[in-house]
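Notes for the one structure printed next.
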Amino acid sequence: MEMFTKAAQELAQKFVSFVLSLQFWDILDILVITFLIYHLLLLVRRSNASRLLKGVLFVIVALWFSTERLKVFNYLLSFVVEWGVLAMFILFQPEIRRILEQMGSSSIPFLDIFKKPPVGRQIIENAIEQTVSACGDMSKSRTGALIVFERHIQLDDALRSGTKLDAEVSSELLKNIFFVKAPMHDGAALIREGRVLGAGCMLPLSRNVNLSRDLGMRHRAGIGMSENSDAVVVLVSEETGSISVAVGGMLKRHLMTETLEQLLRNELLPQQEEEDGKTEKRRGWLALRGKEKKDGENRDE
């Protein structure tokens, strides 16, 4: 017992001395490595590449064990590792691109000068109202629809795959685009800054193998677009007429039009809604203070 206590004390002393010896750059180095390892694990989990990671670990362990004795085998493994790094970049190119795009879309103060001025609130609200109205009508008629609201990450590749438009969002326009016999009804409509910029656009399919089997190609394309960008994708099922929304690779199904409108407002107008909420709270607080003051004066009288 005494030996265990002594060993624990020595370990604690070493840990304390190690922590006290750390400098600012050491702490920053640890945080950067932790961040990279965390995102690497997330990348492996999202891309279902656990088997590939096991293979890489096996090659590294075999390379370490064969350093001294199995020289020919070690030489071959070294050759595999050299080319394996390039192969990893090729295999994970979509994921690496998505991570870089997300980093570029994050808020960095000195890079805000490159951002476009925000679109007027009224324009986005009109686009949301018209989209909700169109989806409600298409849900009743069971007309399939796929509508993409672009946010920070621009979707020029998807736009080039379809027919370019530049029109104000309206319920009639969306219903005409997705009319069964219309030439552009198979693809997606792309909305940027409150305007329909393209229709009949092709979207990348989701590579998530855990998706429900009753999801068709339209829903898989919508989920795939939400996985590869920060877009908000609205879908209407042709078979059931149910309305769904895909955000960040997650699909919310069987939505009512009221729920759809509120969800789009939360996703497309987060800052404005938050500011309005703060204003309402401030007004309520002032009204409450005024009421309390008036009640106090009445009591004094």
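The figures that follow rest on heavy atoms only: side chains count, while hydrogens, waters and symmetry mates do not. Numbering of residues begins at 1 and proceeds along the displayed sequence.
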Please examine the side chains of [Y] and [X], heavy atoms only from C-beta on, and report whether any two atoms are closer than 4.5 Å.
{"X": "Val132", "Y": "Leu264", "value": "yes"}
{"X": "Ile147", "Y": "Ile177", "value": "no"}
{"X": "Arg192", "Y": "Asp156", "value": "yes"}
{"X": "Leu268", "Y": "Phe149", "value": "yes"}
{"X": "Leu197", "Y": "Leu165", "value": "no"}
{"X": "Cys201", "Y": "Leu146", "value": "no"}
{"X": "Ile128", "Y": "Val169", "value": "no"}
{"X": "Leu235", "Y": "Val245", "value": "no"}

(request) Would you mind listing every salt bridge (charged side-chain N to carboxylate O under 4.0 Å, His left out) that reaches into residues 195-204, with sequence neighbours excluded? (result)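 As it turns out, the salt bridge (charged side-chain N to carboxylate O under 4.0 Å, His left out) pairs with a partner in residues 195-204, which skip direct neighbours, are Asp166-Arg195.
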
Check whether [X] reaches the backbone of [Y] with its side chain - one donor and one acceptor, N or O, closer than 3.5 Å.
{"X": "Ser229", "Y": "Ser226", "result": "no"}
{"X": "Arg151", "Y": "Glu267", "result": "yes"}
{"X": "Asn266", "Y": "Gln262", "result": "yes"}
{"X": "Thr240", "Y": "Ser237", "result": "no"}
{"X": "Asn126", "Y": "Gln122", "result": "no"}

Drop me the distance from [X]'s [atom1] to [Y]'s [atom2], to the nearest 0.5 angstrom.
{"X": "Cys135", "Y": "Ile243", "atom1": "SG", "atom2": "CD1", "value": "5.5 Å"}
{"X": "Leu255", "Y": "Ser244", "atom1": "CG", "atom2": "OG", "value": "6.0 Å"}
{"X": "Asn208", "Y": "Met250", "atom1": "CG", "atom2": "CE", "value": "9.5 Å"}
{"X": "His152", "Y": "Asp230", "atom1": "NE2", "atom2": "CG", "value": "6.5 Å"}

(message) Please tell me whether Val247 and Leu205 are part of a single hydrophobic cluster in this structure, the criterion being side-chain heavy atoms less than 4.5 Å apart.
(response)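 They do not share one cluster, since no chain of ILVMFWY contacts under 4.5 Å joins Val247 to Leu205.
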
(request) List, by chain and number, the other hydrophobic cluster members for Met256, where Ile, Leu, Val, Met, Phe, Trp and Tyr join if side-chain heavy atoms come within less than 4.5 Å, directly or indirectly. (result)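 Same cluster as Met256: nobody, lone residue.
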
(request) May I ask you to list the residues sharing a hydrophobic cluster with Leu20, side-chain cutoff 4.5 Å, ordered by chain and number? (result)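 So far as hydrophobic clustering goes, Leu20 is joined with Val16.
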
(message) Considering only residues two or more places apart or on different chains, which pairs with a residue in residues 248-261 satisfy side chain to side chain donor-acceptor pair (under 3.5 Å)?
(response)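 Passing the test, one end in residues 248-261: no pairs.
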
Residue pair [X] / [Y]: nearest heavy atoms and the distance that separates them:
{"X": "Gly194", "Y": "Ala127", "value": "CA-CB, 4.1 Å"}
{"X": "Glu227", "Y": "Gly249", "value": "CG-CA, 3.6 Å"}
{"X": "Leu203", "Y": "Val148", "value": "CD1-CG2, 3.8 Å"}

(request) Kindly write out the residues that satisfy salt bridge (Lys or Arg N to Asp or Glu O under 4.0 Å) with Arg218, not counting sequence neighbours, or none if the list is empty. (result)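 Here the qualifying residues are Glu238.
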
(message) Could you work out, with salt bridge (Lys or Arg N to Asp or Glu O under 4.0 Å) as the rule, every residue matching Arg160, not counting sequence neighbours?
(response)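 For Arg160, the residues satisfying salt bridge (Lys or Arg N to Asp or Glu O under 4.0 Å) (neighbours in sequence not counted) are Asp157.
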
Listed pairs under 3.5 Å, donor-acceptor, residues 181-191 side chains, sequence neighbours left out:
unit_1 : atom_1 : unit_2 : atom_2 : d
His185 : ND1    : Val180 : O      : 3.2
His185 : ND1    : Ala182 : O      : 2.7
His185 : NE2    : Val180 : O      : 3.3

(message) Are more than 12 heavy atoms, taken from residues, nucleotides or ligands other than Met202, located less than 6.0 Å from that residue's CE atom?
(response)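 Result for CE/Met202: enclosed.
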
Listed partners of [X] passing side-chain contact (heavy atoms from CB on, under 4.5 Å), at least two apart:
{"X": "Ser212", "value": "Asp214, Leu215"}
{"X": "Ala145", "value": "Met138, Phe178, Val236"}
{"X": "Ser171", "value": "Gln130, Ser133, Ala134, Asp137, Lys175"}
{"X": "Arg142", "value": "none"}

(message) Run the side chain to side chain contact (heavy atoms under 4.5 Å, CB included) test on Leu251 and His219 for me, step by step, so that the C-alpha distance in whole Å, both residues' side-chain angles and the decisive distance to 0.1 Å come before the verdict.
(response) CA-CA 9 Å; Leu251 184 67; His219 286 75; 4.1 Å; yes

(request) Just jot down the side-chain hydrogen bond (donor to acceptor under 3.5 Å, both in side chains) partners of Ser170, sequence neighbours excluded, or say none. (result)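 Here no residue qualifies.
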
(request) Pick out which of Thr34, Ile30, Leu36 makes a side chain to side chain contact (heavy atoms under 4.5 Å, CB included) with Val32. (result)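 Going through the options one by one, the only one that passes is Leu36.
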
(message) Check this for me, if you would: do Glu125 and Arg265 make a salt bridge, where the nitrogen-to-carboxylate-oxygen distance has to be below 4.0 angstrom?
(response)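 Counted as a salt bridge, because a side-chain N and a carboxylate O are separated by less than 4.0 Å.
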
